[in-house]
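Just the heavy atoms: all of them, side chains too, but no hydrogens, waters or symmetry mates, feed the values below. Numbers for residues simply follow the sequence, beginning at 1.
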Amino acid sequence: MAGRTLGGMTETGDGRAVGAAAEGGGPLWWERRRGAALDVSLAVASAGECGWQGVGFAEEAGLPVWAGVVLGVVVGSVLVLRRRWPVAVVLVAIAVTPTEMGFLLGVVGLYSLAASDVPRRIIALLSGMQAVGTLVITFVRMHQSMGRDPDFDPPSWLIPLVSVVMSLGLSAPPVLLGLYVGARRRLVESLRERAQGLEGELALLAERAEERAEWARSEERHRIAREMHDVVAHRVSLMVVHAAALQAVALKDPEKASKNAQLVGDMGRQALSELRTMLGVLRADEMDGAEAEGAGASGGGRASGASEVPARLAEFAASSSGRGAGASGGAEGQSGGPAGGADVPGEVAGEGDGEVAGPSLEELDVLVGQSRTAGMVVDFSVEGEPRCYAAAVEQTAFRVVQEALTNVHKHAAGARARVRLAHRAGEVAVQVENEPPGEGAGAGDAGLPSGGNGLVGMRERVTSLGGGFVSGATDAGGFRVSAVIPDRG
């Protein structure tokens with residue numbers, strides 16, 4: 001993450017504030033060269049001060065002058081360690097208090113100690129020792145000075161007052177200033193860390209938002225592909241079947257060939273109409289909010305009925321075993337499909353009205369009739385009291401039957417099929433089962449290609465509404481597709 005400029009200083013990713021890039025960090029324990037230069041300058045000034053004060057101390061103590069100067073220089077030079085060991089600097093300043101050396105050493109040392117991360121009790125203890133030492137030395141020196149002048153008789157409270165003022169004046173201001181600077185520095189560091197934490201969270205949220213957007217785009221692509229597959233594949237499959245039949249009877253039965261050609265044209269018009277409807281939805285400026293809300297509601301209630309779905313599917317499949325043909329068994333060549341393209345499931349409701357009428361359960365008989373027209377023997381039965389469901393539920397059930405019949409045309413041409421629709425309390429169930437190929441009369445295998453996504457698309461449709469989907473081979477060698485969809489309306 002790129003650094004930020006704050007107060008003339010560049011903020012790096014690890015939270016440290018460094019100067020210009022030309023500084024490149026300071027030597028030893030200093031973070032910046034500017035800080036090292038400041039400390040060295042203070043140490044030189046303190047060494048000069050203590051060396052000058054050491055002359056008087058040497059004369060008073062009866063030591064050689066050079067010894068006092070050397071002692072003062074060594075003591076004053078300790079100030080260069082104020083950032084590394086502030087406690088040691090203050091202890092040295094306390095130790096040389098009787099020698100009356102190290103005014104700058106004591107003041108700067110107390111400031112550095114208070115501004116550091118040393119515990120407050122240690123700061124209070126060392127500051128108190130420094131103040132007491134200054135108080136005692138000031139009191140003693142004033143008594144000695146006034147004792148040399150017998151004509152001067154000050155009040156008894158003057159010396160203690162001056163001693164206390166000197167003690168507090170030399171210790172309290174640097175300590176308070178150091179505490180303020182240290183507190184401000186810690187506050188700035190905490191705010192900086194918090195800002196960096198917020199930046200990290202924002203970056204993480206941006207990454208997650210990008211991931212969610214990519215996931216949404218992928219889901220939308222899958223949804224569009226599934227819709228296009230369901231809308232076009234069934235019509236095109238029927239067209240291929242009719243084209244194969246047309247080729248077979250073109251020379252033998254011109255009348256039947258003409259009829260098959262008309263059916264192929266009708267199927268093509270229906271496929272184009274549904275494709276045009278789908279493209280119109282894709283070009284819409286706004287998404288269908290009701291569908292989005294329906295998807296969210298179905299996702300929220302998915303877990304409630306998930307455990308009961310397998311049992312209902314098993315019961316539905318078991319009830320169909322051994323059951324005979326339905327109420328409307330079909331024969332080869334029976335006319336149940338649209339003659340002129342009038343009955344088209346899921347077609348546009350009217351020219352120019354802009355409303356799309358999705359396929360519903362009422363159009364299943366038309367769908368079954370189209371397969372019968374293509375030469376498939378289909379038994380269609382309805383159980384329970386017919387009623388209206390939510391649009392998404394009816395469309396999903398219709399698409400399951402449509403794709404299942406398309407798979408029969410592709411993989412089991414000529415097989416007999418059974419379609420069951422069951423209306424139950426709070427749900428609707430559909431099942432499509434076909435016998436092994438060759439047991440029924442049909443047009444034969446027309447060589448239809450398969451993308452392998454039909455069952456996956458059906459399962460995604462059903463599970464998105466909180467339902468259950470089961471598909472697989474039957475004991476008799478056929479194939480069965482079953483779906484139970486809860487009513488979310």
Residues Val430 and Ala397: closest non-hydrogen pair is CG1-CB, 4.1 Å
Can you see which heavy atom on Phe398 is nearest to which on Ser360, and at what distance? CD1-O, 3.4 Å
Do Leu455 and Val481 make a side-chain contact, defined as non-hydrogen atoms from C-beta onward lying under 4.5 Å apart? yes
Report yes if the side chains of Leu170 and Phe103 come closer than 4.5 Å at any heavy-atom pair, otherwise no. yes
State, to 0.1 Å, how close Leu79 and Ser46 come at their nearest heavy-atom pair, and which atoms those are. CD2-CB, 3.9 Å
Is there a side-chain contact (heavy atoms from CB on, under 4.5 Å) between Val162 and Met166? Walk through the geometry before answering. CA-CA 6 Å; Val162 173; Met166 287 291 294; 4.2 Å; yes
Quick one: OG1 on Thr406 to NE2 on His411, what's the gap to the nearest 0.5 Å? 9.5 Å
Quick one: does any side-chain atom of Ser167 pair with a main-chain N or O of Ala131 as donor and acceptor, under 3.5 Å? yes
Do you know which of Gln395, Glu427, His423 makes side chain to side chain donor-acceptor pair (under 3.5 Å) with Tyr389? His423
Heavy atoms of other groups near Glu362 CD, more than 12 under 6.0 Å: no
Between Arg459 and Glu403, is there a salt bridge with N-O shorter than 4.0 Å? no
What are the two closest non-hydrogen atoms of Val393 and Pro486, and how far apart are they? CG2-O, 3.6 Å
Is there a side-chain contact between Thr97 and Met129 in this structure, where contact means two heavy atoms from C-beta onward sitting under 4.5 Å apart? no
If you measure from CZ on Arg34 to CG on Leu38, what distance do you get to the nearest 0.5 Å? 9.5 Å
I need the Trp66 CH2 to Leu71 CG distance, nearest 0.5 Å. 11.0 Å
Given side chains that start at C-beta, do those of Leu126 and Val87 come closer than 4.5 Å, heavy atoms only? yes
Could you walk me through whether Val55 and Val69 pass side-chain contact (heavy atoms from CB on, under 4.5 Å), step by step? CA-CA 6 Å; Val55 175; Val69 174; 3.7 Å; yes
Hey, mind stepping through Val118 and Leu113 against side-chain contact (heavy atoms from CB on, under 4.5 Å) and telling me if it holds? CA-CA 7 Å; Val118 176; Leu113 177 67; 4.0 Å; yes
What distance do Thr396 atom OG1 and Leu465 atom CG have between them, rounded to the nearest 0.5 Å? 4.5 Å
Under the rule for side chain to side chain contact (heavy atoms under 4.5 Å, CB included), what residues qualify as partners of Val132, not counting sequence neighbours? Val136
Could you check whether atom CZ of Arg208 has more than 12 heavy atoms from other residues, nucleotides or ligands sitting under 6.0 Å from it? no
Working to the nearest 0.5 angstrom, can you tell me the gap between Leu42 CG and Glu49 CD? 11.5 Å
Here the salt bridge (Lys or Arg N to Asp or Glu O under 4.0 Å) pairs for residues 107-119, sequence neighbours left out, are Asp117-Arg186
Hey, are the side chains of Gln130 and Ser127 touching, using non-hydrogen atoms and a 4.5 Å cut-off? no
Side-chain touch Phe139/Pro160, heavy atoms, less than 4.5 angstrom: yes
pair Arg461-Val400: side-chain heavy atoms closer than 4.5 Å: no
Residue pair Met458 / Ala404: nearest heavy atoms and the distance that separates them: SD-N, 4.2 Å
Is there a side-chain contact between Val90 and Leu110, using heavy atoms and a 4.5 Å cut-off? yes
I need the minimum non-hydrogen distance between Gly72 and Met101, along with the two atoms involved. CA-SD, 4.1 Å
Stepwise, does the side-chain contact (heavy atoms from CB on, under 4.5 Å) test hold for Val419 with Leu364? CA-CA 9 Å; Val419 178; Leu364 282 181; 5.5 Å; no
Inter-residue atom distance Ile123.CD1 - Leu179.CG, 0.5 Å rounding: 5.5 Å
